[in-house]
Amino acid sequence: MNRYLETKFIKFSSPIHTLEMLELATRFQCRQLEIHCVKELDLNLHVDHVLEVYRALWFYNPIAPAKNPPTEPKRRSRCPRAHNKSHTTSGPLTPEEYFAALLNNCLQLIDMQAEEVFSQDAMLTLRFQELEMIVKRDALQMSSETVLVDVLARWSLEDCKRKHIDPTAENRRRALGALCYAPRYLTMSRRDFEAARERIELLDAAELQLVGDILIAGGGMRRSTANLTPEQQSLVARFRAPRPEYPLLPVQLSARSHPRNYPKKMRKAAAEAEREREGPSKGCCNRFLLNCCSVFACIFD
């Protein structure tokens, strides 16, 4: 760290080394080095160590679990040139903002590589709050919800072992709490649902019956919600909700997270999601300019 203070340069040998330097920078309140480490971590962020970086952000700077997934700062334009000009005013400025942006980018990478990340043993060592922030994400890219059911089953079993309690179905449901409702059960096939049910029963008997009846009826014969309680209707709506085709774009902290590194369809979906968040209050002119910039961005890519 002394070398960085003298020369404003440091060579990182690995993500582990970068995290160690981040710890020192945070301990001695070296703000410039904190930002430098965050940019370096984002530049080399990879699925192999994304969970390690994700956990470090909790350890060095405790983060309260958000009710909604963190979103990227609003961009003034989808045009690359305009974005570059506005980046200095709309991007993160303080170390705390950089930490929040890196957290968002970790979660965005987990969204994109959910199946590979969920297969890692490191998922089983997450604390409940850390697991909760991940599995409640809306844009997890998975071939089937059975992937999410499987990681919840493995984590609950490991949690029972940590607490030295019998891994009964009730104790495992208690360990997961509201996370039992994270999978979109009604987007699964009946066969996948039955297979997941044999793996672990995350729902109680009444909920299993409800989901089973709807799946048996099939997509073309949706069960009427007229006889369901408001709570059951809410569950059915949650279990039926499809996941978006693409996650949001990351916050640009390095060359890795530049929007041009992501497919055009993904950028277009992100732009549409941003327009929906802004709503009609921005006016037709802003939407027209945004569309023009999006067209020029695609042409000159």
Taking atom [atom1] of [X] and atom [atom2] of [Y], what is their separation to the nearest 0.5 Å?
| X | Y | atom1 | atom2 | value |
| --- | --- | --- | --- | --- |
| Thr18 | Glu23 | OG1 | CD | 13.0 Å |
| Cys180 | Arg172 | SG | CZ | 10.0 Å |
| Ser257 | Gln252 | OG | CD | 5.5 Å |
| Glu52 | Leu45 | CD | CG | 11.5 Å |
| Met21 | Leu33 | CE | CG | 5.0 Å |
| Ile110 | Cys106 | CD1 | SG | 6.5 Å |

Pair Leu228-Val236, side chain to side chain contact (heavy atoms under 4.5 Å, CB included): steps then yes or no: CA-CA 10 Å; Leu228 300 181; Val236 169; 4.0 Å; yes
Answer with yes or no whether the hydrophobic clustering places [X] together with [Y]; edges join I, L, V, M, F, W, Y residues whose side-chain heavy atoms lie under 4.5 Å apart.
| X | Y | value |
| --- | --- | --- |
| Ile165 | Leu131 | no |
| Val47 | Ile16 | no |
| Leu109 | Leu43 | no |
| Leu157 | Leu179 | no |

If I compare all heavy atoms of [X] with all of [Y], which pair ends up nearest, and what's the gap?
| X | Y | answer |
| --- | --- | --- |
| Ser156 | Ile200 | OG-CD1, 3.6 Å |
| Pro250 | Asn104 | CA-ND2, 4.2 Å |
| Leu126 | Ile134 | CD1-CD1, 3.9 Å |
| Val151 | Phe118 | CG2-O, 3.8 Å |
| Leu140 | Ala114 | CD2-CB, 4.2 Å |
| His49 | Pro15 | CE1-CG, 3.5 Å |

Any non-hydrogen side-chain atom of Asp121 less than 4.5 Å from a side-chain atom of Arg154?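 Counting from C-beta outward, Asp121 and Arg154 do come under 4.5 Å.
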Looking only at side chains, do Thr146 and Asp192 share a donor and an acceptor under 3.5 Å apart? no
Pair Thr187-Arg243, side-chain donor/acceptor within less than 3.5 Å: no
Salt bridge Asp138-Arg184, side-chain N to carboxylate O under 4.0 Å: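 Salt bridge between Asp138 and Arg184, a charged N being under 4.0 Å from a carboxylate O: yes.
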Audit row: Glu158, Thr125, side chain to side chain contact (heavy atoms under 4.5 Å, CB included) steps and yes/no: CA-CA 8 Å; Glu158 196 66 25; Thr125 64; over 6 Å; no
List the steps and the verdict of salt bridge (charged side-chain N to carboxylate O under 4.0 Å, His left out) for Asp159 and Arg162. CA-CA 5 Å; Asp159 190 64; Arg162 282 191 291 265; 3.4 Å; yes
Derivation of the side chain to side chain contact (heavy atoms under 4.5 Å, CB included) call for Cys160 and Asp166: CA-CA 7 Å; Cys160 288; Asp166 292 334; over 6 Å; no
Check whether Trp155 forms a cation-pi arrangement with Arg127 (NZ or CZ under 6.0 Å from the six-membered ring centre, at most 45° off the ring normal).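 Output no; distance or angle outside limits.
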Residues at least two apart in sequence or cross-chain that pass ring-ring contact (aromatic ring centres under 6.0 Å, His included) with Phe239, listed by chain then number, are Tyr185
Test item: Glu198 side-chain N/O and Ala195 main-chain N/O as donor-acceptor pair under 3.5 Å: no
For Arg199, does the CZ atom have more than 12 heavy-atom neighbours from other residues, nucleotides or ligands under 6.0 Å away? yes
Side chain to side chain donor-acceptor pair (under 3.5 Å) with [X]: which residues, sequence neighbours excluded?
| X | answer |
| --- | --- |
| Asn171 | Thr168, Arg174 |
| Tyr181 | Glu207 |
| Glu115 | Ser143 |

His36 and Phe12 aromatic centres sub-6.0 Å: yes
Under the side-chain contact (heavy atoms from CB on, under 4.5 Å) test, residues paired with Ala273 that sit two or more places apart: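 side-chain contact (heavy atoms from CB on, under 4.5 Å) list for Ala273, sorted by chain: Leu248, Arg277.
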Tyr54 and side chain to side chain contact (heavy atoms under 4.5 Å, CB included): which single residue from Asn105, Val117, Leu107 fits? Leu107
Where do Asp213 and Gln209 land on the side chain to side chain donor-acceptor pair (under 3.5 Å) test, with the steps shown first? CA-CA 6 Å; Asp213 289 349; Gln209 184 68 41; 2.8 Å; yes
Taking only residues two or more places apart in sequence, or in another chain, which ones meet Arg31 in a salt bridge (Lys or Arg N to Asp or Glu O under 4.0 Å)? Glu34, Glu96
